[in-house]
Amino acid sequence: MINEDLRLLEDQISACRLCQLGENRNRAVPGSGPAPARMMLVGEAPGREEDQSGQPFVGRGGRLLDVALQQAGLNRSEIFITSVIKCRPPNNRKPMKKEMASCLPYLQAQMEIVRPKIVCLMGNTAAAAVLGRQGIQSLRGQLWQERFAVTYHPAAVLRNRNLMAEFVSDLERLNSLQDQ
Ligand code: SF4
């Protein structure tokens with residue numbers, strides 16, 4: 001059954017025009033997954049395929065994420081997956097600070113509704129937006145504020161497949177933490 005609070009928030013996001021990214025999107029991408037959920041994954045922003053479908057992580061990065069989740073023993077259907085920015089930036093450029101500030105309250109509201117034990121911030125944009133810190137290598141491997149973990153963004157792993165083993169091992173660790 002779909003969580004009613006989450007559905008109302010999704011409607012709000014889908015109609016949002018709080019920043020300029022709302023002007024050129026095809027579809028906003030609020031996120032998907034159950035509520036409550038023990039784990040939440042947070043990326044940067046929708047890409048072309050996500051903008052077309054309205055679903056998070058369905059493009060090449062999404063397919064890589066699916067493989068990594070499977071290798072880590074995680075079931076995507078049990079995880080709430082979203083991103084800091086809910087509308088696609090033109091040409092997949094980095095989100096601007098003012099766009100992140102406009103959109104961040106939606107992520108905060110999602111965390112309140114989904115109540116994840118572990119929130120995995122994938123990439124520097126998510127780490128900067130939520131923790132105010134960047135530097136994946138220095139942020140990996142520990143829990144921040146007792147619930148936030150940091151790992152690579154799937155797009156970074158697509159660009160450098162050598163990161164896949166570390167990406168999977170980060171997800172494996174979170175898999176064990178969510179069960180503790
Ligand atoms: S990116 Fe976020 S704040 Fe900007 S229009 Fe889309 S939902 Fe609204």
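Just so you know, ligand 1 is whichever comes first in the structure, and atom 1 is the first atom listed for that ligand.
- Which parts of ligand 1 touch Gly22 is read off a 4.0 Å heavy-atom cut-off, strictly below it: atoms 5 (S).
- Formation of a donor-acceptor pair under 3.5 Å by the Asp170 side chain with backbone atoms of Thr151 is not found in this model.
- Contact annotation: Cys19 places an N, O or S atom under 2.8 Å from atom 4 (Fe) of ligand 1.
- The existence of a salt bridge linking Glu50 and Arg27 is excluded, since no basic side-chain nitrogen approaches an acidic carboxylate oxygen closer than 4.0 Å.
- Distances below 4.0 Å separate heavy atoms of Ser102 from the following atoms of ligand 1: 3 (S).
- Residue Arg17 qualifies as enclosed at atom CZ: its count of foreign heavy atoms under 6.0 Å is above 12.
- Here the closest non-hydrogen pair linking Ala15 and Arg25 is C-NH2, 3.8 Å.
- In terms of protein heavy-atom proximity, atom 8 (Fe) of ligand 1 is nearest to Cys16 SG, 2.2 Å.
- For an aromatic pair to be called close, the ring centres must be under 6.0 Å apart, and Phe167 with His153 fails this.
- Across Leu6 and Gly33, no two heavy atoms sit closer than the pair CD2-O, 4.2 Å.
- Residue contacts with ligand 1, taken as heavy atom pairs separated by less than 4.0 Å, do not involve Gln20 at all.
- Atom 2 (Fe) of ligand 1 has an N, O or S atom of Cys103 closer than 2.8 Å.
- Annotation: atom 6 (Fe) of ligand 1 to nearest protein heavy atom, Cys87 SG, 2.3 Å.
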